[in-house]
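Data block below; observations after.
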Amino acid sequence: MNPAKPVRLALLGCGTVGTEVVRLLHEQAEDLTARIGAPLELAGIAVRRLGRERGDLPVDPALFTTDALGLIKRDDVDVVIEVVGGIEPARTWLVEALRAGKSVVTANKALLAEDGGTLHDAAAEGNADLYYEASVAGAIPLLRPMRESLHGDRVTAVTGIVNGTTNFILSSMASTGAGFNEALEEATELGYAEADPTADVEGFDAAAKAAILASLAFHTRVTAADVFREGMTGVTAGDMASAKEMGCTIKLLCIAQRTADSVSVRVHPAMIPLSHPLAGVGDAFNAVFVEAEAAGPLMFYGRGAGGRPTASAVLGDIVAAARNKLTGTRAPSESNYAELTVRPIGESMTRYHISLDVAERPGVLATVAGVFAQHEVSIATVRQSGRADDAKLVIVTHIAPDAALAATVESLASLDIVRSIASVLRVEGGAG
Ligand SMILES: NC(=O)C1=CN([C@@H]2O[C@H](COP(=O)(O)OP(=O)(O)OC[C@H]3O[C@@H](n4cnc5c(N)ncnc54)[C@H](O)[C@@H]3O)[C@@H](O)[C@H]2O)C=CC1
Ligand SMILES: N[C@@H](CC=O)C(=O)O
Ligand code: NA
């Protein structure tokens, strides 16, 4: 029997994820061949600089090139794997590959969220596969269920922790009291953080993932620009202590919800009760709840960051793309028929936890309560502590439109008796 012709791979990028992709291809070569029915073979690896020390990477040094586009254009390349990141030149490379009918596997959430439409259009044009399981929640098989298994149902909400770096930092702050900088440094060393960790801590990475998830869940193109985003750099040790006092913790959440004809997608830190299933998601783990009309609640949990877990998702996509090449089939194409509108954050319904430093005078509480009433926001609990220069009010509201809550905070800030607004946090999941 003739051995099957290899499926040839072009790997773009050989950093945290790329090196682990190379290792897994090497370690599992025999099993992969058996599962696919043909061997996988690296045709080339595009890197930024040649001659860099790559330790014990099990690969022929002759495969390295700095000419990514030249590698993509080669006739002997069947599947292009992009683990470089960023918008350009990744977009140009992937559009070139897809239009030429080459399958693409990418972990690039920033690009998919910014301009996924262009990639999907290029895939349709070239009748090529576009797989991106690693782009959201790392190793967790999440996009394939969203893209295939749940296509018989109607998804109504997706809520989750989708950034490993910030979950690592918030978990460290909550459990060991570690400082922000110290925890971020450790997350970076462990390979969780983006090349520019601002993307993690300011919520851009989670917002990109939220856009990808919302697009798949609601059959509508949602981009990063549609997502309300607030990072976690403002979360202080004081907030964490205050959350603890209330039997809560603080997590950076991604929340995507659907009504009949619109969707809302937001990313922000939020207090959640310790009894909430997301509260126990520690370290760099991710967890995502999907609610669907017929299925009910589903939960996905696992490692959302790190070279090896992410490479696992990349490998899964490579296997799928290789099988399709051999059988002449294709991945499911983009489904965006619903064309739902994206609601602004002001219309989202949520609750706020507001901590105020106030002057300790008679009538302060009544004045503050009056501001909430004026904006039709009802108060759930009030705690007062300290006296004189150290008086503090901690107020938790009932559910109200975000616009009304934001306007309340603005009015509070203009009161003479309010010395400062120490913190404002959204509250989710029945906390408070
Ligand atoms: N590290 C993680 O936990 C995860 C990363 N991702 C995504 O995977 C992608 C790669 O991430 P990492 O491996 O962590 O980043 P990294 O920064 O470790 O690796 C990227 C590599 O691309 C190389 N590169 C940059 N410009 C290039 C060019 N013009 N030609 C060839 N190579 C070039 C860099 O030198 C670097 O080695 C990104 O899109 C990231 O968002 C997705 C999920 C998890
Ligand atoms: N920087 C990201 C990596 C995975 O997507 C994260 O921390 O989650
Ligand atoms: Na995933």
Side-chain angles (χ1 to χ4, degrees), residues 10-22 44-50 52 54 57 64-72 81-94 105-114 131-147 160-170 183-184 187-209 212-213 216 232 252 254 267 283-288 300-317:
L11 178 65
L12 314 180
C14 198
T16 305
V17 179
T19 52
E20 293 305 323
V21 168
V22 171
I45 304 176
V47 293
R48 194 155 42 181
R49 280 188 314 277
L50 292 175
R52 222 191 92 193
R54 293 184 197 274
L57 203 61
F64 289 106
T65 172
T66 52
D67 181 11
L69 201 55
L71 173 61
I72 292 163
I81 305 146
E82 186 266 314
V83 281
V84 167
I87 309 302
E88 286 295 350
R91 174 171 45 200
T92 303
W93 293 339
L94 300 193
V105 173
T106 178
N108 192 337
K109 51 269 164 116
L111 173 57
L112 284 155
E114 165 101 4
Y131 280 112
Y132 45 101
E133 181 62 67
S135 68
V136 182
I140 306 175
L142 175 63
L143 302 194
R144 205 180 304 272
M146 302 286 288
R147 214 175 166 186
I161 294 170
V162 292
N163 183 269
T165 302
T166 49
N167 202 49
F168 184 86
I169 298 171
L170 290 169
L184 174 57
T188 305
E189 268 164 34
L190 290 165
Y192 303 151
E194 294 301 300
D196 175 0
T198 313
D200 296 296
V201 298
E202 293 299 352
F204 292 101
D205 179 78
K209 291 163 175 168
I212 296 168
L213 283 174
L216 290 172
M232 50 70 69
L252 185 74
C254 131
V267 164
D283 202 69
F285 280 84
N286 285 188
V288 179
F300 299 83
Y301 172 82
R303 291 202 180 274
R308 202 153 170 93
T310 306
S312 162
V314 172
L315 261 286
D317 281 354

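Read the numbers this way: they start at 1 and go in the same order the structure lists the ligands and their atoms.
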Sub-4.0 Å heavy-atom contact, Gly138 with ligand 1: no
Selection from Pro309, Ala90, Gly306 by shortest heavy-atom distance to atom 3 (O) of ligand 1: Gly306
Min heavy-atom dist Ala68 to ligand 1 below 4.0 Å: no
Which of the ligand 1 atoms, numbered from 1, are nearer than 4.0 Å to a heavy atom of Gly85: 38 (C), 39 (O)
For Gly15, the ligand 1 atoms whose distance to one of its heavy atoms is below 4.0 Å: 13 (O), 18 (O), 19 (O), 21 (C), 37 (O)
Nitrogen or oxygen of Gly191 less than 3.5 angstrom from that of ligand 1: yes
Close approach, Ala46 and ligand 1, non-hydrogen under 4.0 angstrom: yes
Any donor-acceptor N or O pair under 3.5 Å, side chains Thr106, Asn108: no
Short N or O distance, Glu194 and ligand 1, threshold 3.5 Å exclusive: yes
Residue, atom name and distance, where the atom is the protein heavy atom closest to atom 6 (N) of ligand 1: Lys109 NZ, 3.8 Å
Part of Val17 within contact of ligand 1 (heavy atoms, under 4.0 Å): both
Min heavy-atom dist Gly307 to ligand 1 below 4.0 Å: no
Heteroatom proximity flag, Ala305 to ligand 2, N/O under 3.5 Å: no
Side chains of Glu20 and Thr16, donor plus acceptor under 3.5 Å: no
Ligand 1-proximal atoms of Ala134, by part, heavy-atom distance under 4.0 Å: backbone
Minimum-distance protein heavy atom relative to atom 27 (C) of ligand 1: Val84 CG1, 3.9 Å
Distance-only N or O hit between ligand 2 and Tyr192, under 3.5 Å: yes
Sub-4.0 Å heavy-atom contact, Gly304 with ligand 2: yes
Side chain, backbone, both or neither: Trp93 near ligand 1, heavy atoms under 4.0 Å: side chain
Thr166, any N or O under 3.5 Å of ligand 2 N or O: no
Ligand 1 N/O within reach of Pro89 N/O, cut-off under 3.5 Å: no
4.0 Å heavy-atom contact, Val47 with ligand 1: yes
Polar proximity ligand 1 side, Gly86 side, N/O cut 3.5 Å exclusive: no
Heteroatom count (protein N, O or S) under 3.0 Å of the Na ion (ligand 3): 5
Set of side chain to side chain contact (heavy atoms under 4.5 Å, CB included) partners for Arg54, sequence neighbours left out: Cys14, Val47, Arg52, Leu57, Phe64
Enumerated ligand 1 atoms positioned under 4.0 Å from heavy atoms of Ala305: 3 (O)
Heavy-atom nearest neighbour in the protein, as seen from atom 7 (C) of ligand 1, with distance rounded to 0.1 Å: Ala107 O, 3.4 Å
